[in-house]
Amino acid sequence: MLETVSLSDLTSILPQEQIMIEEENDHPLGNSGYITVFPQTEEEIQGILEYAGEHDKKIAIQGSGSKRGFGGQTDKADILLSLSKYKGIVEHTVGNMTITVKAGTTFHELQTYLAQHQQRVSLDPAWPEHATIGGIVASNESGPKRLGYGSSRDVVIGLRLVYPDGSIIRSGGKVVKNVAGYDMNKLFIGSMGTLGVVSEVVLKLRPLAKYESLVLLTFPDGNLETVRLFANSLLESVLEPVALELLNPALSEKLTGNKVYTLAISFEDVENAVHYQEEFVKRISPSQTHMEILQQEKAHAFWERFCILKPNGIQSSAEPETTVTVKISVTNLDVLQVLKESDLLQDSHNLVIHGHGGLGHGLCQVILEGTGDDILRAITYLRQFAESLNGYLIVTHLPFALRQQISVWGNQPSYFYLLEGIKAKVDPKRILNHKRFVGGI
């Protein structure tokens, strides 16, 4: 409660202007705090965690708030620790193609800086102008280009974290060829901030692509078996697409104006190599398909529209119509079955559904719009369907009231005792992001 958090103690840690008392109105997504603090130094982060440990206070961690609807069974923590003012480049080694960056730096800020050096981070998160590096790492976020470049676990080579007791630890290193010992980075990436506050992230970089194009291949007859056969041919070929994303008809109509299943095939290379791959796709495409090629700026514009499809925790409001996002993981081409099943739910559950999935990596994102009861029934159905394919479903954006009625993470995994043991060892008082992760950790 507000009265149990000493403002005088907090002002001894950081200036008054970096402390904000929250309004009494509850945020529809939860994961807020009675008091919000905005540390600007690592020492201030340490001080806040030490205070919380000494006084048994709960802390919710936030970057910009774009993932506020992801996980969490707590409406308000005692303190909301915002890293939105803890940002900046710490070290950039251009020749080694690595960069160390503070956790509150937004992805857009980082990419804008790196573009001056003809470099980039090979991730494509949602809402890049709002998503912070710390939030991307904590949730292990990735987009369609995961096929070519992987997820956060593939680009993070080092982390600096503040443990719940205020101590500082490092994992990984500052060079790409760092193979000594266990890869401790993977313990923290995707842990939703339940083990420590990410302070700095060391990332390996790639050169900016010399040339980029996007092939949009539409399937007017809606025959997903045709899509399957084509995808198999492409994946077994010499082509190296960085994305092979299938859009359901509703999403395709929103992005391209064509209400049919559409494959978005992205190529990045030198210009001649890109054009060679485009011609190859033309040769192996089924006769009944239609192909459109977007070059350079038009390809960039498509992906810019694509990355703001999902609901944003910053912009969320309490409306009668609820927008929800779920992530479904299945074996590569089972994505076809997931999207087909999702489409069937639109009429039976009175929903609007925009879905897409990677035919090379098996991750689907399904955005559902409708009323609360219909949403919950649809999530339950899709989870059961995913599990029948030996996959899983995680809810990545859902209002707090609905999160009380359904498990965001699904059933506890068989290895849950390991997660519980690590949490108990690192954060025995359960200070950080309480009940934000699997099984209420």
Side-chain angles (χ1 to χ4, degrees), residues 92 94 97 99 106-131 136 141-151 154-155 203-219 230-231 234-235 237-247 251-258 260-285 289-310 354 356-361 365:
H92 181 202
V94 179
M97 300 193 72
I99 192 166
T106 67
F107 191 76
H108 177 73
E109 289 169 336
L110 177 58
Q111 295 291 64
T112 300
Y113 165 81
L114 288 171
Q116 302 172 58
H117 302 275
Q118 298 300 303
Q119 295 178 342
R120 61 173 170 162
V121 178
S122 56
L123 293 174
D124 52 342
W127 295 98
E129 291 191 359
H130 296 140
I136 293 167
E141 187 179 2
S142 60
K145 293 183 180 179
R146 180 187 183 117
L147 175 65
Y149 299 130
S151 67
D154 300 293
V155 301
L203 302 155
K204 63 180 177 182
L205 307 174
R206 286 179 179 266
L208 283 178
K210 298 291 185 181
Y211 197 83
E212 178 181 3
S213 78
L214 176 66
V215 175
L216 296 174
L217 192 64
T218 59
F219 295 78
F230 170 78
L234 190 148
L235 290 170
S237 73
V238 298
L239 300 190
E240 296 183 346
V242 296
L244 181 61
E245 200 77 5
L246 182 63
L247 317 181
L251 180 55
S252 178
E253 182 180 33
K254 186 172 185 176
L255 290 173
T256 72
N258 298 310
V260 292
Y261 283 104
T262 300
L263 261 179
I265 312 168
S266 184
F267 296 110
E268 296 180 4
D269 209 323
V270 297
E271 186 172 356
N272 288 342
V274 169
H275 292 326
Y276 170 82
Q277 294 184 88
E278 294 166 357
E279 290 300 320
F280 194 104
V281 171
K282 283 183 183 179
R283 292 198 300 272
I284 68 172
S285 296
T289 59
H290 176 266
M291 180 173 167
E292 179 184 5
I293 302 176
L294 306 181
Q295 307 285 2
Q296 291 286 74
E297 288 78 13
K298 289 184 178 180
H300 295 162
F302 176 91
W303 291 120
E304 285 176 358
R305 295 196 306 275
F306 189 96
C307 73
I308 60 172
L309 290 169
K310 293 163 64 175
H354 297 98
H356 60 91
L359 297 186
H361 54 68
Q365 302 282 347

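Since the structure is predicted, the reported quantities are computational estimates derived from the model, not experimental observations.
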Trainee: Assess whether side chain to side chain contact (heavy atoms under 4.5 Å, CB included) is satisfied between Tyr149 and Asp154, documenting all intermediate values.
Mentor: CA-CA 8 Å; Tyr149 299 130; Asp154 300 293; over 6 Å; no
Trainee: Looking only at atom types and distance, does a side-chain atom of Gln119 sit under 3.5 Å from a main-chain N or O of Val94, one as donor and one as acceptor?
Mentor: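 Yes: the side chain of Gln119 pairs with the backbone of Val94.
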Trainee: Any pair with a residue in residues 117-127 that passes salt bridge (charged side-chain N to carboxylate O under 4.0 Å, His left out), sequence neighbours left out, goes on the list, sorted by first then second residue, please.
Mentor: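 Only Arg120-Glu268 qualify under salt bridge (charged side-chain N to carboxylate O under 4.0 Å, His left out).
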Trainee: Nearest 0.5 Å please: distance from the CD1 atom of Ile284 over to the CG atom of Leu234.
Mentor: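 Nearest 0.5 Å value for the CD1-CG distance: 5.0 Å.
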Trainee: Could you go step by step and tell me if Lys254 and Leu309 meet the side chain to side chain contact (heavy atoms under 4.5 Å, CB included) rule?
Mentor: CA-CA 10 Å; Lys254 186 172 185 176; Leu309 290 169; 4.2 Å; yes
Trainee: In Å, rounded to the nearest 0.5 Å, how long is the span from CD of Glu253 to CG of Leu247?
Mentor: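 It comes to 12.5 Å.
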Trainee: If I take atom CD from residue Glu245 and atom CG from residue Leu216, how far apart are they, to the nearest 0.5 angstrom?
Mentor: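 So the gap between those two atoms works out to 12.0 Å.
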Trainee: Identify, with sequence neighbours excluded, every residue that meets salt bridge (Lys or Arg N to Asp or Glu O under 4.0 Å) alongside Arg206.
Mentor: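 With neighbours one apart ignored, the set is empty.
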Trainee: Going through the checks in order, is the side chain to side chain contact (heavy atoms under 4.5 Å, CB included) test met by Ser266 and Lys145?
Mentor: CA-CA 8 Å; Ser266 184; Lys145 293 183 180 179; 3.9 Å; yes
Trainee: By salt bridge (Lys or Arg N to Asp or Glu O under 4.0 Å), which residues pair with Glu278, not counting sequence neighbours?
Mentor: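 Counting only residues at least two positions away or on another chain, Glu278 forms no salt bridge (Lys or Arg N to Asp or Glu O under 4.0 Å).
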Trainee: Give, for atom CZ of Phe302 and atom CG of Leu214, the distance between the pair rounded to the nearest 0.5 Å.
Mentor: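 CG of Leu214 is found 5.5 Å from CZ of Phe302.
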Trainee: Quick check: do Arg146 and Ser151 have side-chain heavy atoms less than 4.5 Å from each other?
Mentor: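 The answer is yes; the side chains approach within 4.5 Å.
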Trainee: Return each pair, listed once, that meets salt bridge (charged side-chain N to carboxylate O under 4.0 Å, His left out) where at least one residue sits in residues 295-309; pairs must be two or more places apart or across chains.
Mentor: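 Salt bridge (charged side-chain N to carboxylate O under 4.0 Å, His left out) check on residues 295-309 returns no pairs.
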Trainee: Would the distance check show the side chain of Thr218 and the main-chain N or O of His290 forming a donor-acceptor pair, the cut-off being under 3.5 Å?
Mentor: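 Here the side-chain-to-backbone pair exists.
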Trainee: Strictly distance-based, threshold 3.5 Å: is any side-chain N or O of Gln296 a donor or acceptor partner for the main-chain N or O of Glu212?
Mentor: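 Yes.
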Trainee: Can you name the nearest heavy-atom pair linking Pro128 to Cys307, along with the distance?
Mentor: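 It is CD-SG, 3.5 Å.
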Trainee: Report the residues that fulfil ring pair (Phe, Tyr, Trp, His ring centres under 6.0 Å) with Phe306, sequence neighbours left out, ordered by chain and then residue number.
Mentor: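 Scan of Phe306 (ring pair (Phe, Tyr, Trp, His ring centres under 6.0 Å), adjacent residues dropped) gives Trp303, His356.
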Trainee: List in chain and number order the residues that pass side chain to side chain donor-acceptor pair (under 3.5 Å) with His130, two or more places apart in sequence or in another chain; answer none if no residue qualifies.
Mentor: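 His130 satisfies side chain to side chain donor-acceptor pair (under 3.5 Å) with Asn312 only.
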Trainee: List the residues meeting side chain to side chain donor-acceptor pair (under 3.5 Å) with Thr256, not counting sequence neighbours, and say none if there are none.
Mentor: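 Checked Thr256 against side chain to side chain donor-acceptor pair (under 3.5 Å); matches are Ser252.
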Trainee: So which atom in Pro144 and which in His361 form the shortest heavy-atom distance, rounded to 0.1 Å?
Mentor: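 That would be O-NE2, 3.8 Å.
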Trainee: What residues form a side chain to side chain donor-acceptor pair (under 3.5 Å) with Glu279, not counting sequence neighbours?
Mentor: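 Lys282.
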Trainee: For residues Pro207 and Met97, determine if any side-chain heavy atom of one lies less than 4.5 Å from a side-chain heavy atom of the other.
Mentor: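 In contact.
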Trainee: With rounding to the nearest 0.5 Å, note down the distance linking CD in Gln116 to CG in Leu208.
Mentor: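 Interatomic distance, Gln116 CD to Leu208 CG, rounded to 0.5 Å: 11.0 Å.
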Trainee: Applying side-chain contact (heavy atoms from CB on, under 4.5 Å) between Leu203 and each of Leu123, Val121, Leu114, report the one that passes.
Mentor: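 Passing option: Val121.
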Trainee: Lys310 and Ala126: which non-hydrogen atoms are nearest, and at how many Å?
Mentor: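 Where Lys310 meets Ala126 most closely, the heavy atoms are CD-CB, 4.0 Å.
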Trainee: Apply side chain to side chain contact (heavy atoms under 4.5 Å, CB included) to residues Gln295 and Tyr211 and explain how you reach the verdict.
Mentor: CA-CA 8 Å; Gln295 307 285 2; Tyr211 197 83; 3.1 Å; yes
Trainee: I need the Glu240 CD to Leu147 CG distance, nearest 0.5 Å.
Mentor: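 CG of Leu147 is found 10.0 Å from CD of Glu240.
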Trainee: Please identify each residue that fulfils ring pair (Phe, Tyr, Trp, His ring centres under 6.0 Å) with His92, with sequence neighbours left out.
Mentor: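 Ring pair (Phe, Tyr, Trp, His ring centres under 6.0 Å) list for His92, sorted by chain: Tyr113, His117.
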Trainee: Can you name the side chain to side chain contact (heavy atoms under 4.5 Å, CB included) partners of Lys210, sequence neighbours left out?
Mentor: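 Lys210 satisfies side chain to side chain contact (heavy atoms under 4.5 Å, CB included) with Val270 only.
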Trainee: Just to verify, what does Thr112 make a side chain to side chain contact (heavy atoms under 4.5 Å, CB included) with, not counting sequence neighbours?
Mentor: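 Thr112 satisfies side chain to side chain contact (heavy atoms under 4.5 Å, CB included) with His108 once adjacent residues are dropped.
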Trainee: Taking only residues two or more places apart in sequence, or in another chain, which ones meet Leu263 in a side chain to side chain contact (heavy atoms under 4.5 Å, CB included)?
Mentor: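 For Leu263, the residues satisfying side chain to side chain contact (heavy atoms under 4.5 Å, CB included) (neighbours in sequence not counted) are Leu217, Phe219, Val227, Phe230, Leu244, Leu246, Ile265, Leu359.
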